[in-house]
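Scope of the values below: all heavy atoms of this structure, side chains included, with no hydrogens, waters or symmetry mates.
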Amino acid sequence: MWVFEETLQTGEKLTDVINKTNENVKYLPGIKLGKNVIADPDLDNAVKDANMLVFVTPHQFMEGICKRLVGKVRGDVEAISLIKGMEVKMEGPCMISNLISEQLGINCSVLMGANIANEIAVEKFSEATVGYRDNREIAEQWVKLFSTPYFMVTPVQDVEGVELCGTLKNVVAIAAGFVDGLEMGNNTKAAIMRIGLREMRAFSKLLFSSVRDSTFFESCGVADVITTCLGGRNRKVAEAFARNGGKRSFDDLEAEMLQGQKLQGVSTAREVYEVLSHRGWLELFPLFATVHEICVGRLPPSAIVEYSEKKPRLSLLEDPACYQ
């Protein structure tokens, strides 16, 4: 397991402590890792001779990691990404699985689902979705590798749909956090979740016509929206942001509340906003647009339930012809 090396407050190196105690004391304290898990701070050494690679880092670091891996991985390696987020380039949005495939010349599947890490770590029952491209056998291999009696994995032939669900639900969770911080109640939160799921589906299908409606009923879709809006770090930090009336930045709150973990929802909201703005879709996605505008201080947190005054052309979102 490649681990970005950090020096702990004790002065010890994180990888040394993980290897000595079998525990990631900073990011998953109290949970014993398998004895076969060895933390390695050397990226080249960690991937050497591997025939299957699992990518799970904050999405903003992925381009740099891929550049470092060029020429270092086997040509026949299979990859899977658990990363929520996208890169926005001049030519449009690039999903992280595509970034991995293009930069390294390898096939990349995705794993997404209603998966809050510390609950899985203590072996509470949950499920997840593997999104694969063409090769069902590869998908079945990943299913076999990840499945346990308490972790049920289902394969779906829809990489973009599965990955966009995992990415976009963090934006909806930010909105849900605003609702919690303003103590607006469960009816409002349910409405935000439903509208958010609808915008997730519409945005995904406008970007990729191959995305399947059925994917949104898998663990990566509606279940992940629910769990992330009820728990999860994006909801938690957005709640604190709203309680403070938007006067403390997300960067401050992230540093204080997450002990080094990264928020994905705020950067994803910005990336989605860039795509919407570039393509002239802002009025089609009032929830997504409003989340970003609140995050950057252009609107107050209370605007999360006022966005409907923009009267979006919802008929367009419901018209299947617009996905062609």
Side-chain angles (χ1 to χ4, degrees), residues 27 56-62 81-88 93 95-96 110 112-118 162-182 184 188-189 192-201 203-204 220-244 246 248-277 285-301 303-305 307:
Y27 296 110
V56 52
T57 66
H59 79 278
Q60 52 267 48
F61 303 131
M62 271 310 296
S81 168
L82 282 63
I83 299 165
K84 284 84 178 168
M86 61 173 86
E87 291 274 323
V88 178
M95 303 312 298
I96 299 299
V110 295
M112 306 279 157
N115 303 148
I116 291 174
N118 54 356
V162 173
E163 190 168 8
L164 275 162
C165 279
T167 297
L168 298 171
K169 59 89 199 245
N170 283 328
V171 182
V172 184
I174 297 276
F178 294 153
V179 168
D180 286 344
L182 296 166
M184 290 176 169
T188 307
K189 192 165 170 179
I192 290 293
M193 289 159 73
R194 184 196 69 81
I195 294 162
L197 188 64
R198 184 177 66 190
E199 290 197 10
M200 285 169 56
R201 172 180 165 270
F203 184 75
S204 301
C220 63
V222 63
D224 201 4
V225 170
I226 292 168
T227 200
T228 315
C229 289
L230 297 181
R233 66 186 85 143
N234 290 279
R235 188 217 61 80
K236 182 168 94 169
V237 179
E239 178 182 7
F241 180 88
R243 282 196 196 286
N244 284 284
R248 291 190 62 196
S249 73
F250 271 99
D251 286 345
D252 276 0
L253 292 165
E254 176 187 271
E256 180 185 299
M257 298 174 72
L258 299 184
Q259 283 86 50
Q261 286 186 310
K262 290 291 174 193
L263 276 183
Q264 300 294 289
V266 176
S267 51
T268 301
R270 184 189 68 246
E271 289 151 357
V272 168
Y273 192 89
E274 284 174 26
V275 175
L276 298 179
S277 188
F285 297 91
L287 182 70
F288 285 171
T290 302
V291 167
H292 172 68
E293 287 170 353
I294 294 170
C295 288
V296 297
R298 283 208 291 270
L299 289 173
I304 199 64
V305 291
Y307 72 88

Looking at [atom1] of [X] and [atom2] of [Y], how far apart are the two atoms once the value is rounded to the nearest 0.5 Å?
X: Met257; Y: Asp252; atom1: CE; atom2: CG; result: 12.0 Å
X: Met112; Y: Asp224; atom1: CE; atom2: CG; result: 9.0 Å
X: Ile195; Y: Leu197; atom1: CD1; atom2: CG; result: 11.0 Å
X: Met200; Y: Phe285; atom1: CE; atom2: CZ; result: 12.0 Å
X: Tyr27; Y: Leu258; atom1: OH; atom2: CG; result: 10.5 Å
X: Phe178; Y: Thr188; atom1: CZ; atom2: OG1; result: 15.0 Å

Describe, in one word, how the ring planes of Phe203 and Phe288 are oriented to each other, choosing from parallel (under 30°), tilted (30 to 60°) and perpendicular (over 60°).
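Ring orientation, 0 to 90° scale: perpendicular.
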Under the side-chain contact (heavy atoms from CB on, under 4.5 Å) test, residues paired with [X] that sit two or more places apart:
X: Ala175; value: Ile192, Leu287, Val291, Ile304
X: Pro300; value: Ser302, Ala303
X: Glu274; value: Val88, Arg270

Do [X] and [Y] touch side chain to side chain, with heavy atoms closer than 4.5 Å?
X: Leu263; Y: Ser267; result: no
X: Lys189; Y: Asp180; result: yes
X: Thr268; Y: His59; result: yes
X: Phe241; Y: Ile174; result: no
X: Gln60; Y: Gln264; result: yes
X: Glu254; Y: Arg233; result: no
X: Met86; Y: Glu163; result: no
X: Thr227; Y: Ile116; result: yes

Requested in this report: List the steps and the verdict of side-chain contact (heavy atoms from CB on, under 4.5 Å) for Ile226 and Met193.
Outcome: CA-CA 7 Å; Ile226 292 168; Met193 289 159 73; 3.8 Å; yes
List the atom of [X], the atom of [Y], and the distance in Å for their closest heavy-atom pair.
X: Met62; Y: Ile96; result: CG-CG2, 3.9 Å
X: Val172; Y: Gly196; result: CG2-CA, 3.7 Å
X: Gly181; Y: Ala242; result: CA-CB, 3.9 Å
X: Ala173; Y: Cys229; result: CA-SG, 3.8 Å
X: Gly246; Y: Pro301; result: N-CG, 4.1 Å

Identify, with sequence neighbours excluded, every residue that meets salt bridge (charged side-chain N to carboxylate O under 4.0 Å, His left out) alongside [X].
X: Lys236; result: none
X: Arg243; result: Glu183, Glu239
X: Arg248; result: Glu256

Could you walk me through whether Asn234 and Lys169 pass the side-chain contact (heavy atoms from CB on, under 4.5 Å) check?
CA-CA 10 Å; Asn234 290 279; Lys169 59 89 199 245; 5.9 Å; no
task = Evaluate the criterion side-chain contact (heavy atoms from CB on, under 4.5 Å) for residue pair Leu164 and Met95; output intermediate values, then yes/no.
result = CA-CA 8 Å; Leu164 275 162; Met95 303 312 298; 3.7 Å; yes
